[in-house]
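The basis for the numbers below is simple: all heavy atoms, side chains too, and nothing from hydrogens, waters or symmetry mates. Source: prediction; values computed, not measured.
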Amino acid sequence: MSYVRRVNASPRTGRIVLLTTSHRVAPGLLSWPAWEALRAAGHVVCGDPEHPLLPYVREAGVDVVTGPLPTARELVEACSEGRTTVVIAAAEGEPQLTDGLAALAGSGRTSMPELELLPGSYDLPGARVLDLVQVMDSIRRDCPWSGARTHEGLVKYGIEEMYELVEAIEEDDRGALCEELGDVLLQVVFHARIAQEDPEEPFTIDDVAGGIVEKLIHRHPHVFGEEQAATAEEVREHWLRTKAVEKRRDSVTEGIPLGQPALALAAKLAQRVRLAELDVTPEPGGPGRAGGADGGVGGELLALAVRAEAEGIDPETALRAAARRYRDAIRAAESEIADPE
């Protein structure tokens, strides 16, 4: 049944207000129209005696009748002579009641009161992340597979999800992008949930979020402080300067993960060298593994990665794009062989 909000109810037929709230917002935080409706109502009912809103409503001096809700016809009759009844809806709504009201309205034989759907609270941006945290708690507690996972056991899944995210971006697939971002977010929440069980150094998803919030604020003084930055390059200078003070590293190579793809690793090293203004040039040749020779291929690849970084090109992305074009060319050649005509 669709509801249209009507502020001015008919004095003859009265009004039925279905008050909805979000479980993701503190229950006492209601909109002013919601509080007005509750305090002005002649009758307030709620089918859930444990509804989290009830203590706050009663504290405000509003009487609430809890228990099985009146039928649709009983509600309509209770609104005669201009009275208003507010129904505090459960989290899943009140489908049986609304279906009954729709049937009465559709019959044409009942004088109906004004019907109003009144949202008392709304979800804030990011509120669904709270649902993810709650679902993860249940899965960790009740699922035998999820309950046995460790940080180490999840590593391969995190890597796979990141590569799938990269592919969704490269394919410009918006649906896949949304899905893969969710999968990556799951990895973060999953690891945080495991971490809170650590007997010696536990932390939670709130610690994770709080840490990155603090870091972002500290590294963006031009947004949250008095620094000025008119260009992206000035922002980058702020970021690097602040990061250098935080880390106090003995070498520019510290903090670079050696497990990342080789081209990305080479580009990151080259970036650190360039920003530190060090005079370190990779040699194109050199011995290969186990005393053999690789023909200088490794050195040549390193030199190409350094050149690309200096020109503002991410060599990993560039090579992936070239490889995808190569794949398409292979498929085209295969098609010509399979169907020469």
Side-chain angles (χ1 to χ4, degrees), residues 20-30 46-56 88-95 119-171 173-219 246-247 255-261 264:
T20 63
T21 57
S22 170
H23 67 281
R24 305 178 189 94
V25 177
L29 299 178
L30 290 177
C46 180
D48 179 9
E50 303 299 323
H51 196 294
L53 183 62
L54 295 183
Y56 301 92
I88 300 177
E92 66 275 9
E94 301 295 348
S121 59
Y122 301 87
D123 287 343
L124 298 173
R128 295 306 301 271
V129 176
L130 299 177
D131 289 347
L132 174 58
V133 173
Q134 292 176 349
V135 169
M136 189 67 249
D137 281 341
S138 298
I139 291 174
R140 180 66 174 174
R141 182 180 60 248
D142 300 328
C143 172
W145 186 90
S146 299
R149 294 312 96 192
T150 63
H151 292 302
E152 294 77 10
L154 288 179
V155 167
K156 65 177 182 180
Y157 300 107
I159 294 173
E160 289 172 2
E161 298 300 355
M162 281 304 304
Y163 277 120
E164 290 178 7
L165 173 61
V166 170
E167 184 173 357
I169 293 172
E170 291 177 343
E171 295 283 355
D173 187 331
R174 301 292 295 176
L177 175 59
C178 183
E179 179 180 352
E180 298 305 336
L181 284 170
D183 290 341
V184 171
L185 179 58
L186 170 60
Q187 294 299 310
V188 175
V189 175
F190 205 160
H191 278 284
R193 182 61 181 80
I194 294 172
Q196 78 181 54
E197 300 171 6
D198 189 277
E200 298 180 359
E201 296 181 89
F203 60 83
T204 69
I205 188 65
D206 288 319
D207 297 314
V208 174
I212 192 60
V213 166
E214 182 179 349
K215 181 186 290 186
L216 287 173
I217 291 175
H218 185 60
R219 293 188 183 178
E246 290 176 359
K247 300 298 183 179
I256 299 178
L258 298 179
Q260 62 184 303

Which pair of heavy atoms, one from [X] and one from [Y], lies closest together, and at what distance?
X    : Y    : answer
V189 : V133 : CG1-CA, 4.4 Å
A168 : E180 : CB-CG, 4.2 Å
K156 : G153 : CG-O, 4.3 Å
P49  : G47  : CD-O, 3.4 Å
G93  : A89  : CA-CB, 4.4 Å
H51  : C46  : CB-SG, 3.8 Å

Is there side-chain contact between [X] and [Y], with heavy atoms separated by less than 4.5 Å?
X    : Y    : value
I169 : L165 : yes
L124 : R24  : no
V208 : H191 : no
L216 : V213 : no
I194 : L154 : yes

With rounding to the nearest 0.5 Å, note down the distance linking [atom1] in [X] to [atom2] in [Y].
X    : Y    : atom1 : atom2 : value
T21  : Y56  : OG1   : OH    : 12.0 Å
E161 : L186 : CD    : CG    : 7.5 Å
E197 : T150 : CD    : OG1   : 11.0 Å
C143 : R149 : SG    : CZ    : 8.5 Å
D173 : E179 : CG    : CD    : 9.0 Å
L53  : L30  : CG    : CG    : 5.0 Å

- Task: Walk me through it: do V129 and I205 pass the test side chain to side chain contact (heavy atoms under 4.5 Å, CB included)?
- Result: CA-CA 11 Å; V129 176; I205 188 65; 6.0 Å; no
Just by distance, do the side chain of [X] and the backbone of [Y] share a donor-acceptor pair under 3.5 Å?
X    : Y    : value
E167 : Y163 : no
S121 : L29  : no
D142 : I139 : no
R193 : M136 : no
Q187 : V184 : no

- Ion pair check, R128 and D131, cut-off under 4.0 Å: yes
